[in-house]
Amino acid sequence: MKRLHVLGIGIDRISLDEAVERSLDVMDKRESRYVITPNSEFLLCALKSPGLCSAADSAFLSLPDSVGVLLVASILGLPLNEKIPGVDFAEALLEKMGQRGKSVFLLGAKKGIAEKAADKVSIKYPGLVIAGTSSGYYPPHDEDKLIERINAASPDLLIVCLGSPKQELWMHKNAARLHIGLMAGLGGTIDVLAGAVDRAPLKWREAGFEWLYRVYREPKRILRVLRIPLVILVSLWYRIGGKIYE
């Protein structure tokens, strides 16, 4: 594995299988390390957020979540092996965890969604232990209680789906307070696992158009998609200006 710096954010050149195996290994060390899954929006946000850059620098793994990240990296002369969407990483990891009897705590999404996701994954991956669930919507003053609940459950994996950059900042801030194996910030993964949101058909995903399918299903996402050309322009500027991170 090699970590490349794409617009200043470290992205790991790694395969899905290797990412899963490394994650399983680090779980057993119980160091509360975390995984991030940057997309092109994340790269753009990090350009003006030192706190997000710091959170990214401290990540155990940084997986390229989208075609946009691969395109930006290619423009900068830093080709990555493959994109690793957060949902794909979660499902592959949960399957292996089920085979080993490991536990997961699901944090995120609207009320009741994490519970639905827990029900589905416990059926899909026999042997997987559900350590607990929590909505991603809670008053800030309840955060200490949430940390206590998670620590009492002591999961091997904590899936954090609070949306980016909130989830990355949350993991970075709370890592030292948590007594768990590993965390992973995975955006809308809990919604997908619960069946509340449908993924694009496989052909769309293989062609790199999952983002377009999501806009088709959720037109309000168009404003987020419009940021992709901007991050491409920024990467071209860095390339022309000779500011290429390695």
Side-chain angles (χ1 to χ4, degrees), residues 1-14 19 22-23 26 31-78 80 83-86 89 107-108 136-141 143-144 146-147 150 158-178 180 182-189 221 223-246:
M1 181 188 79
K2 181 178 181 181
R3 178 159 291 187
L4 307 177
H5 284 83
V6 181
L7 296 182
I9 295 299
I11 307 288
D12 294 323
R13 182 186 286 169
I14 193 172
R22 288 176 63 88
S23 295
V26 81
E31 295 175 342
S32 302
R33 302 184 72 182
Y34 60 88
V35 179
I36 63 173
T37 54
N39 57 17
S40 50
E41 274 189 277
F42 183 103
L43 297 180
L44 198 59
C45 184
L47 288 173
K48 52 185 179 182
S49 173
L52 186 54
C53 288
S54 180
D57 286 343
S58 299
F60 161 65
L61 284 177
S62 178
L63 308 178
D65 180 74
S66 69
V67 171
V69 172
L70 267 61
L71 178 58
V72 169
S74 180
I75 289 171
L76 295 173
L78 303 169
L80 294 163
K83 69 182 175 73
I84 304 178
F89 172 70
L107 166 62
Y137 296 85
Y138 58 88
H141 61 265
E143 186 166 275
D144 288 343
L146 174 61
I147 297 294
I150 295 169
L158 171 62
I159 291 181
V160 183
C161 294
L162 303 177
S164 185
K166 183 178 178 180
Q167 63 195 16
E168 290 82 16
L169 297 174
W170 190 94
M171 293 188 296
H172 184 53
K173 180 183 73 170
N174 292 306
R177 304 172 62 195
L178 288 162
I180 60 174
L182 180 71
M183 288 181 280
L186 300 175
T189 293
R221 294 181 65 90
L223 293 177
R224 296 178 62 182
V225 172
L226 291 177
R227 296 176 187 173
I228 296 176
L230 180 56
V231 76
I232 290 173
L233 288 174
V234 170
S235 63
L236 287 169
W237 183 84
Y238 271 99
R239 178 77 186 200
I240 294 170
K243 295 183 179 180
I244 304 173
Y245 296 95
E246 297 180 354

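If you're wondering where the values come from, they're calculated on a predicted model, not measured in any experiment.
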A.B. asks: For residues 47-75, pull every pair meeting salt bridge (charged side-chain N to carboxylate O under 4.0 Å, His left out), keeping only residues two or more places apart or in separate chains.
C.D. replies: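 Passing the test, one end in residues 47-75: no pairs.
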
A.B. asks: Can you tell me how far apart CG (Asn39) and CG (Leu63) are? Round to the nearest 0.5 Å.
C.D. replies: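 Taking CG in Asn39 and CG in Leu63, the distance rounds to 12.5 Å.
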
A.B. asks: Are any non-hydrogen side-chain atoms of Leu47 and Val231 less than 4.5 angstrom apart?
C.D. replies: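 Side-chain contact under 4.5 Å: no.
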
A.B. asks: Check whether any side-chain heavy atom of Glu31 sits under 4.5 Å from a side-chain heavy atom of Phe60, and report yes or no.
C.D. replies: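 Heavy-atom side-chain distance check fails, nothing below 4.5 Å.
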
A.B. asks: Below 4.5 Å, heavy atoms only, C-beta onward: do Leu107 and Met183 meet side chain to side chain?
C.D. replies: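 The answer is no, as the side chains (C-beta and beyond) never meet within the 4.5 Å cut-off.
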
A.B. asks: Measuring from atom NZ of Lys83 to atom CD1 of Ile11, what distance do you get when rounded to the nearest 0.5 angstrom?
C.D. replies: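 Lys83 NZ to Ile11 CD1: 14.5 Å, rounded to 0.5 Å.
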
A.B. asks: Report the distance from atom CG of Leu61 to atom CE of Met1, rounding to the nearest 0.5 Å.
C.D. replies: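 Reported to 0.5 Å precision, the distance equals 6.0 Å.
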
A.B. asks: Can you confirm whether Ile84 sits close enough to Thr37 that some side-chain heavy atom of one is under 4.5 Å from a side-chain heavy atom of the other?
C.D. replies: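 A side-chain contact is absent here, since even the closest heavy-atom pair is not under 4.5 Å.
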
A.B. asks: For Gly10, is there any backbone N or O sitting under 3.5 Å from a side-chain donor or acceptor partner on Arg3?
C.D. replies: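 Pair absent, no side-chain N/O of Arg3 close to backbone of Gly10.
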
A.B. asks: Where the side chain of Ser74 meets the backbone of Leu71, is there a donor-acceptor pair that is under 3.5 Å apart?
C.D. replies: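 The answer is no, because no donor-acceptor pair under 3.5 Å joins these two groups.
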
A.B. asks: Would you say Val72 and Val234 make side-chain contact, with heavy atoms under 4.5 Å?
C.D. replies: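 Side-chain contact under 4.5 Å: no.
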
A.B. asks: Taking the side chain as every heavy atom from C-beta outward, state whether Trp237 and Leu233 have any atom pair closer than 4.5 Å.
C.D. replies: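 No, side chains not in contact.
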
A.B. asks: Say whether, by atom type as modelled, one donor and one acceptor occur between the side chain of Ser23 and the main chain of Ala19 under 3.5 angstrom.
C.D. replies: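 A pair under 3.5 Å: yes.
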
A.B. asks: Do any N or O atoms from the side chain of Gln167 and from the backbone of Gly187 form a donor-acceptor pair under 3.5 angstrom?
C.D. replies: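 Looks like yes, one N/O pair under 3.5 Å.
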
